[in-house]
*Asks:* 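One structure follows; several queries about it will come next.
This structure is a prediction, so every number in the text was calculated from the model and none was measured. Counting starts at 1 for both ligands and their atoms, in listed order.
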Amino acid sequence: MQLITVGTVAFDRIETPFGVAEKTVGGAATYISLAASVFLEKLGLVSVVGDDFPEAVMGQLRDRGVDLAGLEVLQGKESFFWAGRYHYDMNSRDTLETRLNVLLELDPKLPSAYRSAPYVMLGNLDPGIQAKVLDQMTERPALVVMDTMNFWMDSAMEKLKEVIARVDILTINDAEARQLSGEHSLVKAAQRILTMGPKYLVVKKGEHGEDVVDPTGAGDTFAGGFIGFLARTQDHSFDNLKRAIIVGSALASFTCEKFGIERLIEVSREDIDARIQQFVDLVEFDIELTAD
Ligand code: AMP
(Lines give C-alpha, C1' and ligand atoms only; values in the text may rest on other atoms or scores of the structure.)
Protein backbone atom coordinates (compact mmCIF):
# COMPACT_ATOMS: atom_id res chain seq x y z
CA MET A 1 0.00 0.00 0.00
CA GLN A 2 1.24 3.50 -0.81
CA LEU A 3 -1.29 5.22 1.44
CA ILE A 4 -3.77 4.17 4.07
CA THR A 5 -6.62 6.39 5.22
CA VAL A 6 -8.75 6.11 8.32
CA GLY A 7 -11.88 8.22 8.70
CA THR A 8 -15.64 8.09 8.52
CA VAL A 9 -17.58 6.52 5.66
CA ALA A 10 -21.01 8.00 6.05
CA PHE A 11 -24.43 9.17 5.03
CA ASP A 12 -24.97 12.92 5.10
CA ARG A 13 -28.05 15.10 5.04
CA ILE A 14 -27.02 18.46 3.61
CA GLU A 15 -28.98 21.71 3.43
CA THR A 16 -27.59 24.60 1.42
CA PRO A 17 -29.31 27.74 0.10
CA PHE A 18 -29.48 25.87 -3.23
CA GLY A 19 -31.19 22.71 -2.10
CA VAL A 20 -31.28 19.70 0.14
CA ALA A 21 -29.67 16.29 -0.25
CA GLU A 22 -31.60 13.97 2.07
CA LYS A 23 -29.20 11.03 2.18
CA THR A 24 -26.03 11.32 0.22
CA VAL A 25 -22.83 9.35 0.63
CA GLY A 26 -20.08 11.24 2.43
CA GLY A 27 -17.57 10.72 5.18
CA ALA A 28 -14.01 11.91 5.58
CA ALA A 29 -12.36 8.67 4.40
CA THR A 30 -14.62 8.50 1.34
CA TYR A 31 -13.60 11.96 0.10
CA ILE A 32 -9.93 11.51 1.05
CA SER A 33 -9.61 8.15 -0.70
CA LEU A 34 -11.36 9.31 -3.87
CA ALA A 35 -9.17 12.40 -4.03
CA ALA A 36 -5.91 10.53 -3.36
CA SER A 37 -6.85 7.86 -5.91
CA VAL A 38 -6.28 10.43 -8.65
CA PHE A 39 -2.54 10.11 -7.93
CA LEU A 40 -2.10 6.61 -6.49
CA GLU A 41 -2.80 3.03 -7.51
CA LYS A 42 -2.57 1.22 -4.18
CA LEU A 43 -4.46 2.78 -1.32
CA GLY A 44 -6.29 1.25 1.58
CA LEU A 45 -9.25 2.47 3.61
CA VAL A 46 -9.84 1.76 7.31
CA SER A 47 -13.37 2.39 8.54
CA VAL A 48 -16.71 0.84 9.39
CA VAL A 49 -20.19 0.96 7.86
CA GLY A 50 -23.52 -0.71 8.55
CA ASP A 51 -25.28 -3.03 6.14
CA ASP A 52 -27.25 0.00 4.92
CA PHE A 53 -24.22 1.28 2.99
CA PRO A 54 -24.63 0.86 -0.79
CA GLU A 55 -22.57 -1.90 -2.41
CA ALA A 56 -22.54 0.24 -5.58
CA VAL A 57 -20.50 2.94 -3.83
CA MET A 58 -18.05 0.34 -2.54
CA GLY A 59 -17.75 -0.78 -6.16
CA GLN A 60 -17.00 2.80 -7.25
CA LEU A 61 -14.27 3.06 -4.62
CA ARG A 62 -12.75 -0.27 -5.72
CA ASP A 63 -12.91 0.89 -9.36
CA ARG A 64 -10.75 3.84 -8.35
CA GLY A 65 -8.16 1.48 -6.84
CA VAL A 66 -9.26 1.87 -3.21
CA ASP A 67 -8.74 -1.41 -1.35
CA LEU A 68 -11.56 -2.09 1.12
CA ALA A 69 -10.03 -4.93 3.14
CA GLY A 70 -9.88 -2.46 6.06
CA LEU A 71 -13.57 -1.51 5.79
CA GLU A 72 -15.69 -3.47 8.25
CA VAL A 73 -19.37 -4.01 7.44
CA LEU A 74 -21.49 -4.57 10.54
CA GLN A 75 -24.68 -6.50 9.85
CA GLY A 76 -27.90 -5.09 11.25
CA LYS A 77 -26.24 -1.77 12.11
CA GLU A 78 -26.49 1.75 10.71
CA SER A 79 -23.66 3.74 9.17
CA PHE A 80 -22.34 7.01 10.65
CA PHE A 81 -24.76 9.85 9.88
CA TRP A 82 -24.15 13.59 9.83
CA ALA A 83 -26.57 16.41 9.05
CA GLY A 84 -25.43 19.95 8.38
CA ARG A 85 -26.81 23.27 7.19
CA TYR A 86 -24.84 25.93 5.34
CA HIS A 87 -25.44 29.62 5.76
CA TYR A 88 -25.96 31.88 2.79
CA ASP A 89 -22.26 32.72 2.43
CA MET A 90 -21.54 28.94 2.17
CA ASN A 91 -18.52 29.56 4.34
CA SER A 92 -19.98 28.63 7.69
CA ARG A 93 -22.17 25.70 8.60
CA ASP A 94 -24.02 24.30 11.56
CA THR A 95 -23.95 20.65 12.47
CA LEU A 96 -27.58 19.70 13.04
CA GLU A 97 -26.98 16.09 14.01
CA THR A 98 -24.15 13.59 14.41
CA ARG A 99 -25.14 9.94 14.88
CA LEU A 100 -21.99 7.92 15.53
CA ASN A 101 -23.83 4.58 15.08
CA VAL A 102 -21.28 1.94 13.93
CA LEU A 103 -18.38 4.24 14.73
CA LEU A 104 -18.93 3.42 18.42
CA GLU A 105 -17.97 -0.18 17.66
CA LEU A 106 -14.92 0.39 15.49
CA ASP A 107 -11.80 -1.27 16.87
CA PRO A 108 -9.62 -1.23 13.76
CA LYS A 109 -7.47 -4.25 12.88
CA LEU A 110 -5.20 -3.28 10.02
CA PRO A 111 -4.72 -5.91 7.29
CA SER A 112 -1.02 -6.82 7.20
CA ALA A 113 -0.47 -5.12 3.82
CA TYR A 114 -1.54 -1.83 5.43
CA ARG A 115 0.92 -1.91 8.33
CA SER A 116 3.99 -0.82 6.40
CA ALA A 117 2.31 1.89 4.29
CA PRO A 118 4.68 4.86 3.97
CA TYR A 119 1.87 7.44 3.94
CA VAL A 120 -0.87 7.55 6.57
CA MET A 121 -3.86 9.89 6.49
CA LEU A 122 -5.66 10.16 9.81
CA GLY A 123 -8.97 11.52 8.55
CA ASN A 124 -11.58 13.03 10.77
CA LEU A 125 -12.95 10.60 13.36
CA ASP A 126 -12.53 9.61 17.00
CA PRO A 127 -8.89 10.37 17.96
CA GLY A 128 -8.81 7.09 19.93
CA ILE A 129 -9.29 5.25 16.63
CA GLN A 130 -6.70 7.42 14.88
CA ALA A 131 -4.22 6.43 17.62
CA LYS A 132 -5.02 2.72 17.23
CA VAL A 133 -4.16 2.93 13.54
CA LEU A 134 -0.78 4.54 14.27
CA ASP A 135 -0.10 1.93 16.98
CA GLN A 136 -0.38 -0.86 14.40
CA MET A 137 2.15 0.52 11.93
CA THR A 138 5.22 -1.73 11.89
CA GLU A 139 7.58 1.05 10.80
CA ARG A 140 7.52 4.80 11.29
CA PRO A 141 5.64 6.03 8.19
CA ALA A 142 7.42 8.53 5.91
CA LEU A 143 4.56 10.99 6.50
CA VAL A 144 1.50 11.12 8.75
CA VAL A 145 -1.11 13.80 8.01
CA MET A 146 -4.05 14.36 10.35
CA ASP A 147 -7.38 16.15 10.03
CA THR A 148 -9.96 16.66 12.74
CA MET A 149 -12.86 18.94 13.65
CA ASN A 150 -14.50 20.86 16.49
CA PHE A 151 -16.73 17.87 17.38
CA TRP A 152 -13.67 15.96 18.66
CA MET A 153 -12.20 19.06 20.32
CA ASP A 154 -15.46 19.37 22.28
CA SER A 155 -15.65 15.70 23.22
CA ALA A 156 -12.10 14.28 23.34
CA MET A 157 -9.58 17.12 23.57
CA GLU A 158 -6.96 15.28 25.67
CA LYS A 159 -6.87 12.22 23.42
CA LEU A 160 -6.82 14.50 20.40
CA LYS A 161 -3.74 16.31 21.69
CA GLU A 162 -1.98 12.95 22.22
CA VAL A 163 -2.53 12.07 18.56
CA ILE A 164 -1.56 15.55 17.34
CA ALA A 165 1.79 15.06 19.11
CA ARG A 166 2.44 12.02 16.88
CA VAL A 167 1.78 13.49 13.43
CA ASP A 168 3.90 15.38 10.89
CA ILE A 169 1.22 17.64 9.41
CA LEU A 170 -2.10 18.80 10.84
CA THR A 171 -4.84 20.28 8.63
CA ILE A 172 -7.68 22.16 10.33
CA ASN A 173 -9.77 25.22 9.55
CA ASP A 174 -9.33 28.67 11.08
CA ALA A 175 -12.07 28.31 13.72
CA GLU A 176 -10.64 24.94 14.77
CA ALA A 177 -7.09 26.38 14.97
CA ARG A 178 -8.45 29.05 17.33
CA GLN A 179 -10.31 26.47 19.43
CA LEU A 180 -7.35 24.10 19.67
CA SER A 181 -4.86 26.79 20.65
CA GLY A 182 -7.06 29.14 22.66
CA GLU A 183 -5.56 32.02 20.61
CA HIS A 184 -7.62 34.34 18.43
CA SER A 185 -4.83 35.57 16.16
CA LEU A 186 -4.22 32.88 13.55
CA VAL A 187 -0.49 33.57 13.57
CA LYS A 188 -0.33 33.03 17.34
CA ALA A 189 -2.64 30.02 17.04
CA ALA A 190 -0.32 28.46 14.47
CA GLN A 191 2.77 29.12 16.63
CA ARG A 192 1.05 27.50 19.59
CA ILE A 193 -0.11 24.45 17.63
CA LEU A 194 3.39 23.92 16.24
CA THR A 195 4.62 23.47 19.82
CA MET A 196 2.18 20.55 20.20
CA GLY A 197 4.14 18.25 17.88
CA PRO A 198 3.44 18.64 14.17
CA LYS A 199 6.19 19.96 11.89
CA TYR A 200 3.66 21.77 9.73
CA LEU A 201 0.16 23.12 10.15
CA VAL A 202 -2.15 23.80 7.20
CA VAL A 203 -4.97 26.18 8.12
CA LYS A 204 -7.87 25.84 5.68
CA LYS A 205 -9.49 29.17 5.04
CA GLY A 206 -12.84 27.96 3.79
CA GLU A 207 -14.51 27.94 0.45
CA HIS A 208 -14.41 31.14 -1.57
CA GLY A 209 -14.65 29.54 -5.02
CA GLU A 210 -17.05 29.95 -7.88
CA ASP A 211 -19.94 27.57 -8.55
CA VAL A 212 -20.21 26.39 -4.97
CA VAL A 213 -23.24 24.12 -4.67
CA ASP A 214 -22.19 22.10 -1.62
CA PRO A 215 -18.88 22.60 0.24
CA THR A 216 -19.23 19.34 2.19
CA GLY A 217 -16.09 17.27 1.83
CA ALA A 218 -13.95 20.15 0.60
CA GLY A 219 -11.60 19.84 3.58
CA ASP A 220 -11.30 16.08 3.18
CA THR A 221 -10.83 16.32 -0.57
CA PHE A 222 -8.12 18.88 0.02
CA ALA A 223 -6.38 16.53 2.46
CA GLY A 224 -6.68 13.57 0.08
CA GLY A 225 -5.28 15.52 -2.86
CA PHE A 226 -2.54 16.95 -0.65
CA ILE A 227 -1.27 13.63 0.71
CA GLY A 228 -1.93 11.79 -2.58
CA PHE A 229 0.28 14.25 -4.44
CA LEU A 230 3.01 14.02 -1.76
CA ALA A 231 2.89 10.22 -1.84
CA ARG A 232 3.20 10.22 -5.62
CA THR A 233 6.09 12.70 -5.74
CA GLN A 234 7.72 11.46 -2.49
CA ASP A 235 9.11 14.95 -2.00
CA HIS A 236 8.37 16.60 1.35
CA SER A 237 10.30 19.82 0.71
CA PHE A 238 8.56 23.07 1.57
CA ASP A 239 8.26 23.94 -2.14
CA ASN A 240 6.54 20.65 -2.84
CA LEU A 241 4.22 21.08 0.16
CA LYS A 242 3.13 24.36 -1.45
CA ARG A 243 2.46 22.54 -4.73
CA ALA A 244 0.48 19.90 -2.84
CA ILE A 245 -1.66 22.67 -1.32
CA ILE A 246 -2.50 24.00 -4.79
CA VAL A 247 -3.32 20.50 -6.05
CA GLY A 248 -5.50 19.76 -3.00
CA SER A 249 -7.32 23.08 -3.37
CA ALA A 250 -7.95 22.48 -7.08
CA LEU A 251 -9.45 19.07 -6.31
CA ALA A 252 -11.58 20.47 -3.50
CA SER A 253 -13.01 23.08 -5.86
CA PHE A 254 -14.50 20.26 -7.94
CA THR A 255 -16.08 18.60 -4.90
CA CYS A 256 -17.99 21.84 -4.19
CA GLU A 257 -19.61 21.92 -7.63
CA LYS A 258 -22.18 19.20 -6.88
CA PHE A 259 -23.70 17.54 -3.81
CA GLY A 260 -21.73 14.84 -2.01
CA ILE A 261 -19.15 12.84 -3.96
CA GLU A 262 -20.98 13.22 -7.29
CA ARG A 263 -18.47 15.57 -8.91
CA LEU A 264 -15.30 14.22 -7.31
CA ILE A 265 -15.97 10.73 -8.58
CA GLU A 266 -15.77 11.85 -12.22
CA VAL A 267 -12.73 14.17 -11.99
CA SER A 268 -9.77 13.37 -14.24
CA ARG A 269 -6.10 14.41 -14.08
CA GLU A 270 -6.77 16.63 -17.12
CA ASP A 271 -9.58 18.46 -15.30
CA ILE A 272 -7.26 19.11 -12.38
CA ASP A 273 -4.42 20.34 -14.56
CA ALA A 274 -6.77 22.73 -16.38
CA ARG A 275 -7.96 24.15 -13.07
CA ILE A 276 -4.43 24.54 -11.75
CA GLN A 277 -3.51 26.39 -14.95
CA GLN A 278 -6.45 28.78 -14.43
CA PHE A 279 -5.13 29.48 -10.96
CA VAL A 280 -1.56 30.00 -12.18
CA ASP A 281 -2.84 32.45 -14.82
CA LEU A 282 -4.82 34.29 -12.17
CA VAL A 283 -1.95 34.81 -9.76
CA GLU A 284 0.81 35.46 -12.31
CA PHE A 285 1.55 39.15 -12.83
CA ASP A 286 4.32 41.53 -13.84
CA ILE A 287 5.13 44.28 -11.41
CA GLU A 288 7.91 46.83 -11.20
CA LEU A 289 9.29 47.13 -7.67
CA THR A 290 8.80 50.65 -6.34
CA ALA A 291 12.14 51.26 -4.59
CA ASP A 292 14.82 53.00 -6.66
P1 AMP B 1 -15.59 18.43 5.50
O2 AMP B 1 -16.69 19.17 4.79
O3 AMP B 1 -14.43 18.11 4.60
O4 AMP B 1 -15.18 19.04 6.78
O5 AMP B 1 -16.16 16.99 5.92
C6 AMP B 1 -17.49 16.61 5.74
C7 AMP B 1 -17.64 15.14 6.04
O8 AMP B 1 -17.25 14.90 7.39
C9 AMP B 1 -19.07 14.69 5.91
O10 AMP B 1 -19.20 13.85 4.78
C11 AMP B 1 -19.40 13.99 7.22
O12 AMP B 1 -19.94 12.69 7.05
C13 AMP B 1 -18.09 13.90 7.95
N14 AMP B 1 -18.22 14.22 9.37
C15 AMP B 1 -19.05 15.11 9.96
N16 AMP B 1 -18.88 15.12 11.29
C17 AMP B 1 -17.90 14.24 11.56
C18 AMP B 1 -17.24 13.80 12.76
N19 AMP B 1 -17.57 14.29 13.96
N20 AMP B 1 -16.25 12.88 12.64
C21 AMP B 1 -15.90 12.40 11.45
N22 AMP B 1 -16.48 12.74 10.28
C23 AMP B 1 -17.46 13.66 10.33
*Asks:* By number and element, which atoms of ligand 1 are closer than 4.0 Å to a non-hydrogen atom of G219?
*Replies:*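 Near G219, the atoms of ligand 1 are 3 (O).
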*Asks:* Any N/O of F11 closer than 3.5 Å to an N/O of ligand 1?
*Replies:*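 Between F11 and ligand 1 (N or O atoms, distance only) the closest approach is not under 3.5 Å.
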*Asks:* Using heavy-atom distances only, which candidate in M149, R93, E97, K204 approaches atom 4 (O) of ligand 1 most closely?
*Replies:*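 It is R93 whose heavy atom sits nearest to atom 4 (O) of ligand 1.
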*Asks:* Restricting to non-hydrogen atoms, name the atom on A218 and the atom on C256 that form the minimum distance, rounded to 0.1 Å.
*Replies:*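 Looking at all heavy atoms of both residues, the shortest contact is CB-SG, 3.9 Å.
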*Asks:* Under 4.0 Å from a heavy atom of G27: give me the atoms of ligand 1 that qualify, with their elements.
*Replies:*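 Contacts of ligand 1 toward G27, numbered from 1: 9 (C), 10 (O), 12 (O).
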*Asks:* Using ring centroids (six-membered ring only for Trp), state whether Y200 and H236 fall under 6.0 Å.
*Replies:*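 Centroid distance H236-Y200: not below 6.0 Å, so no.
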*Asks:* So, regarding F80 and ligand 1 (criterion: nitrogen or oxygen to nitrogen or oxygen, under 3.5 Å), is there a contact or not?
*Replies:*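 Between F80 and ligand 1 (N or O atoms, distance only) the closest approach is not under 3.5 Å.
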*Asks:* Before giving the answer on side chain to side chain donor-acceptor pair (under 3.5 Å), spell out for D271 and S268 the whole-Å C-alpha distance, their side-chain angles and the decisive distance to 0.1 Å.
*Replies:* CA-CA 5 Å; D271 293 331; S268 67; 3.2 Å; yes
*Asks:* Identify the two heavy atoms, one from V38 and one from R269, that lie closest to each other, and give their separation to 0.1 Å.
*Replies:*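 Between these two residues, the closest heavy atoms are CG1-CD, 3.4 Å.
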*Asks:* V25 versus D12: any side-chain heavy-atom pair under 4.5 Å?
*Replies:*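 Side chain of V25 against side chain of D12, heavy atoms only: no contact under 4.5 Å found.
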*Asks:* Could you tell me, atom by atom, which parts of ligand 1 come under 4.0 Å of a heavy atom of D12?
*Replies:*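 The atoms of ligand 1 under 4.0 Å from a heavy atom of D12 are 9 (C), 10 (O), 11 (C), 12 (O).
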*Asks:* Between T8 and ligand 1, find which residue part has any heavy-atom pair under 4.0 Å and reply side chain, backbone, both or neither.
*Replies:*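 The part of T8 near ligand 1 is the side chain, not the backbone.
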*Asks:* Counting only heavy atoms, tell me which of N124, T171, D220 gets closest to atom 6 (C) of ligand 1.
*Replies:*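 Answer by nearest heavy atom: D220.
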*Asks:* For F53 together with F11, are the ring centres under 6.0 Å from each other?
*Replies:*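 Between F11 and F53, the centre distance is under 6.0 Å.
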*Asks:* I'd like to check which ligand 1 atoms, numbered from 1 as shown, lie under 4.0 Å from a non-hydrogen atom of G217.
*Replies:*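 Near G217, the atoms of ligand 1 are 1 (P), 2 (O), 3 (O), 5 (O), 6 (C).
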*Asks:* Between ligand 1 and T216, is the shortest N or O to N or O distance under 3.5 Å?
*Replies:*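 Between T216 and ligand 1, no N or O pair is found under 3.5 Å apart.
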*Asks:* Atoms of ligand 1 less than 4.0 Å from F151 heavy atoms?
*Replies:*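 Those of ligand 1 that fall under 4.0 Å from F151 are 19 (N).
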*Asks:* Could you establish whether Y31 and ligand 1 come within less than 4.0 Å of each other, counting only heavy atoms on the residue side?
*Replies:*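 So Y31 counts as touching ligand 1.
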*Asks:* Just which atoms of ligand 1 are under 4.0 Å from any heavy atom in G26?
*Replies:*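 Checking each atom against G26, I get 10 (O).
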*Asks:* How far apart are the closest heavy atoms of M149 and N124, and which atoms are they?
*Replies:*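 Looks like SD-ND2, 2.9 Å.
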*Asks:* With heavy-atom distances below 4.0 Å as the criterion, list the atoms of ligand 1 near A10.
*Replies:*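 In order of number, 12 (O).
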*Asks:* Over all heavy atoms of both residues, which pair between M196 and L180 is shortest? Give the atoms and the distance, please.
*Replies:*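 The answer is CE-O, 3.7 Å.
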*Asks:* Can you check which of W82, W152, F222, F81 brings a heavy atom nearest to atom 15 (C) of ligand 1?
*Replies:*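 The residue whose heavy atom sits nearest atom 15 (C) of ligand 1 is W82.
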*Asks:* For the hydrophobic clusters of this structure (ILVMFWY residues joined by side-chain heavy atoms under 4.5 Å, transitively), does one cluster hold both L3 and V202?
*Replies:*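 They do share one cluster, since a chain of ILVMFWY contacts under 4.5 Å joins L3 to V202.
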*Asks:* Kindly give the heavy-atom pair with the smallest separation between E139 and S116, and that separation in Å.
*Replies:*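 Result for this residue pair: OE2-CB, 4.0 Å.
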